[in-house]
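Notes for the one structure printed next.
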Protein chains: 2
Amino acid sequence: MCFVYILYTILMMGTKTENRVAEKSTAAEQVYNALKRDIITLQHQPGVSLTEQQLATLYGTSRVPVREACRRLGQEGLLTGRPYRGYSVNHISLKEIGDCFDLRLGLESRALELAAQRATAGDLNRLSNLATIEYTYHDWDSYVEFLDRNLDFHIQLASLSRNDRLVAVLRDLLGSMQRFFFLGLDLGDFASEMRSEHEELVALLSSDSPDLAIGCLNRQITSSRDRILRALIEDRIDLPIG
Amino acid sequence: MCFVYILYTILMMGTKTENRVAEKSTAAEQVYNALKRDIITLQHQPGVSLTEQQLATLYGTSRVPVREACRRLGQEGLLTGRPYRGYSVNHISLKEIGDCFDLRLGLESRALELAAQRATAGDLNRLSNLATIEYTYHDWDSYVEFLDRNLDFHIQLASLSRNDRLVAVLRDLLGSMQRFFFLGLDLGDFASEMRSEHEELVALLSSDSPDLAIGCLNRQITSSRDRILRALIEDRIDLPIG
DNA sequence: CTATTGTGCTTTGTATACATTTTGTATACA
DNA sequence: TGTATACAAAATGTATACAAAGCACAATAG
């Protein structure tokens, strides 16, 4: 291994990853958040066409902030915009679900590998506070918040890798994957199964068993994917294949 | 393994990954390309401040297309924009180089793993055509084109995974990493060392040795990182650490 | 002398008017 | 009847004018 990289590795032990500050809400930011939420919760269903003017009146602003929001969401994989022809909400295909989970596996595995090398005891303590998530059955708002906290846990876990770039990519990916959980599934089952997984993961990390933790995470992500796929099939929810 | 995923896997064997069509050049697209090129080649040096108006006059257009280009480049990690305060070209720190290479390792490893399962003989033939890259020593234009083709090779290799999402992320990442090669290094050495690596990789893939191929790729990426880090140190190029 | 507040300048944020492109439709012609 | 062309409608792409926000610096009160 290159001696420079050893130096680099040592330096990284001490660096702090920047915590994203809450940015002040500009109109473009608000439209971005609202539109993203509405797409994720399927208020705008996959495949429907959206025009800038339409969204502008819907969210009470002009076309410019809408435009910016649409471009961002386009890059995150929730929208597709064709020049001079407007936007359409991306379809959720079986292929896309598989692609996203494959990518997620790669990213989170790598992040956890790095996190095991770099995380401190204090980091793990702070993380364990996020691990336990309350959830009341069949309450929609509660479920939305549960998903938010679940996302946050995975982001914070990845942040222990101290790799800002990786975390940024993962944040976008997990954000757009939230949509999968709103496909008309029986949501209760998911939450109850996912609850204990976080604690298991933190425990393995705390006991300094990186390989076990990575295996555990892989099993969890894989089973999450399979839960979704199985539920889709069993509930006979029609999705495009490719 | 979930039975549904087995079905999914079989289906994926036959799917074709969409080839990105060359989009017609709108002004925003042109500014994006020009600005990206100028940042990568360090015409705009790391750390300098840029204003929308300044860029608009520089590239001969109005602020709107410039704005869009800046937002895209911001999301790709080349620029940082602070609200009401303009943009600045991101610094290249040792930490960022390390972060990017770590992420790249994770992404390309995963892609190659999938590619080994899914690629056909025809795919590998087509790829091997891209593997050999001509390069004339100490010719700047030639070196730029060499880097472009090197990028293309890695993108096409990753495309064999049939995972569009992964490819999109990798494309952005590798694009912003191009900048590392323009830090005033002796470029000739890099090119000559990198040339044979592609062929070795394709050969291992063709001989159906996925594990060897992944190991080979990992060594190549790691040594590429170390070449850059070592050259930076030896040439005494001052970079921020964190 | 220090801290705070106000003022002005710079730059982005937003709205709106206009240009350009795409696509569908109607019509003329073979 | 089929095809090609011209035109109209709808949407984004671009430019510009104005509003809002941040920051530096000076003036002022303590």
Side-chain angles (χ1 to χ4, degrees), chain A residues 18-39 44-91, chain B residues 18-39 44-91:
Chain A
E18 70 195 51
N19 274 332
R20 173 155 305 190
V21 302
E23 297 166 53
K24 189 175 219 174
S25 261
T26 167
E29 189 79 6
Q30 288 174 341
V31 172
Y32 167 78
N33 287 323
L35 183 52
K36 184 172 182 177
R37 169 176 48 78
D38 289 347
I39 292 176
H44 299 300
Q45 292 211 354
V48 303
S49 293
L50 300 173
T51 72
E52 291 179 357
Q53 187 57 55
Q54 187 182 330
L55 293 172
T57 59
L58 176 59
Y59 295 113
T61 176
S62 83
R63 277 178 49 213
V64 177
V66 169
R67 195 183 171 72
E68 187 176 319
C70 287
R71 301 317 260 250
R72 273 179 77 180
L73 291 170
Q75 207 159 324
E76 291 177 23
L78 286 172
L79 286 179
T80 300
R82 279 166 51 212
Y84 297 102
R85 288 301 297 169
Y87 303 84
S88 64
V89 180
N90 281 353
H91 281 100
Chain B
E18 71 194 51
N19 273 331
R20 175 156 302 191
V21 302
E23 298 167 53
K24 189 173 219 177
S25 261
T26 169
E29 188 80 7
Q30 288 175 344
V31 172
Y32 167 79
N33 287 322
L35 182 52
K36 184 172 182 177
R37 168 177 47 80
D38 288 346
I39 292 176
H44 300 299
Q45 293 210 355
V48 303
S49 292
L50 301 172
T51 71
E52 291 180 355
Q53 187 57 55
Q54 188 180 330
L55 293 172
T57 60
L58 176 59
Y59 295 115
T61 176
S62 84
R63 277 178 50 213
V64 178
V66 168
R67 195 182 170 72
E68 186 175 318
C70 288
R71 302 316 262 248
R72 274 179 76 180
L73 291 170
Q75 208 160 323
E76 290 177 24
L78 286 172
L79 286 179
T80 300
R82 277 167 52 213
Y84 296 102
R85 288 301 297 168
Y87 304 84
S88 64
V89 180
N90 281 353
H91 281 101

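Quick note on labels: first sequence line is chain A, next is B, and so on, each numbered from 1.
Closest contact between the side chain of A:Y87 and the listed nucleotides D:dT12, C:dT14, C:dT11 involves D:dT12. Set against C:dT14, C:dG13, D:dG13, the side chain of A:A27 has C:dT14 as its closest nucleotide. You'll find that the side chain of A:Y84 is closest to C:dT20, out of C:dT23, D:dC23, C:dT20.
Atom CD of A:Q54 is separated from atom P of D:dT12 by 9 Å (rounded to the nearest Å). Counting to the nearest Å, the C1' atom of D:dA15 and the CD atom of B:Q53 are 11 Å from each other. One interatomic measurement links the two molecules: CD of A:E68 to P of C:dT12, which rounds to 13 Å at whole-angstrom precision. For B:R72 and D:dG13, the CZ to P distance is 12 Å, given to the nearest whole Å. Taking atom CD on B:Q30 and atom C1' on D:dT14, their separation rounds to 13 Å, with Å as the unit. B:E52 has its CD atom 12 Å from the C1' atom of C:dT14, to the nearest Å.
A:E68 meets the salt bridge (Lys or Arg N to Asp or Glu O under 4.0 Å) test with B:R67, B:R71; sequence neighbours excluded.
The heavy-atom pair separating A:P46 from A:H91 by the smallest distance is CB-CA, 4.0 Å. Taking each heavy atom of B:L35 and B:C70 in turn, the nearest pair found is CD2-SG, 4.1 Å. The minimum heavy-atom distance linking A:L79 with A:V89 is given by the pair CD2-CA, 3.8 Å.
Both B:L50 and A:R82 sit near DNA chain C, but only B:L50 has its closest nucleotide nearer the 5' end. Heavy-atom nearest nucleotides on DNA chain C were determined for B:G86 and for A:R85, and the one closer to the 5' end corresponds to B:G86.
Distances shown here put a side-chain N or O of A:R67 below 4.0 Å from the OP1 or OP2 atom of D:dG13. Contact check, B:T26 against D:dT12: no side-chain N or O comes under 4.0 Å of OP1 or OP2. B:T51 has no side-chain polar atom (N or O) that falls below the 4.0 Å cut-off from OP1 or OP2 of C:dT10.
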CA sep, side-chain torsions, deciding dist, call: B:K36, B:L73, side-chain contact (heavy atoms from CB on, under 4.5 Å): CA-CA 7 Å; B:K36 184 172 182 177; B:L73 291 170; 3.8 Å; yes

side-chain contact (heavy atoms from CB on, under 4.5 Å) assessment of A:Y32 paired with A:E76: CA-CA 12 Å; A:Y32 167 78; A:E76 291 177 23; 2.5 Å; yes

With side-chain contact (heavy atoms from CB on, under 4.5 Å) as the test, would you mind laying out the steps for A:N33 and A:R37 before giving the verdict? CA-CA 6 Å; A:N33 287 323; A:R37 169 176 48 78; over 6 Å; no

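Stems are defined here as 3 or more consecutive Watson-Crick or G-U wobble pairs with pairing distances under 3.5 Å; those involving DNA chain C are C:1-30 with D:1-30.
With rounding to the nearest 0.5 angstrom, the CG atom of A:L50 is 10.5 Å from the CD atom of A:E52.
At a non-hydrogen distance threshold of 4.0 Å, A:R63 from residues 56-66 of chain A come into contact with DNA chain D.
Side-chain N or O atoms of A:T26 include none that pairs as donor or acceptor with a backbone N or O of A:E29 at under 3.5 Å.
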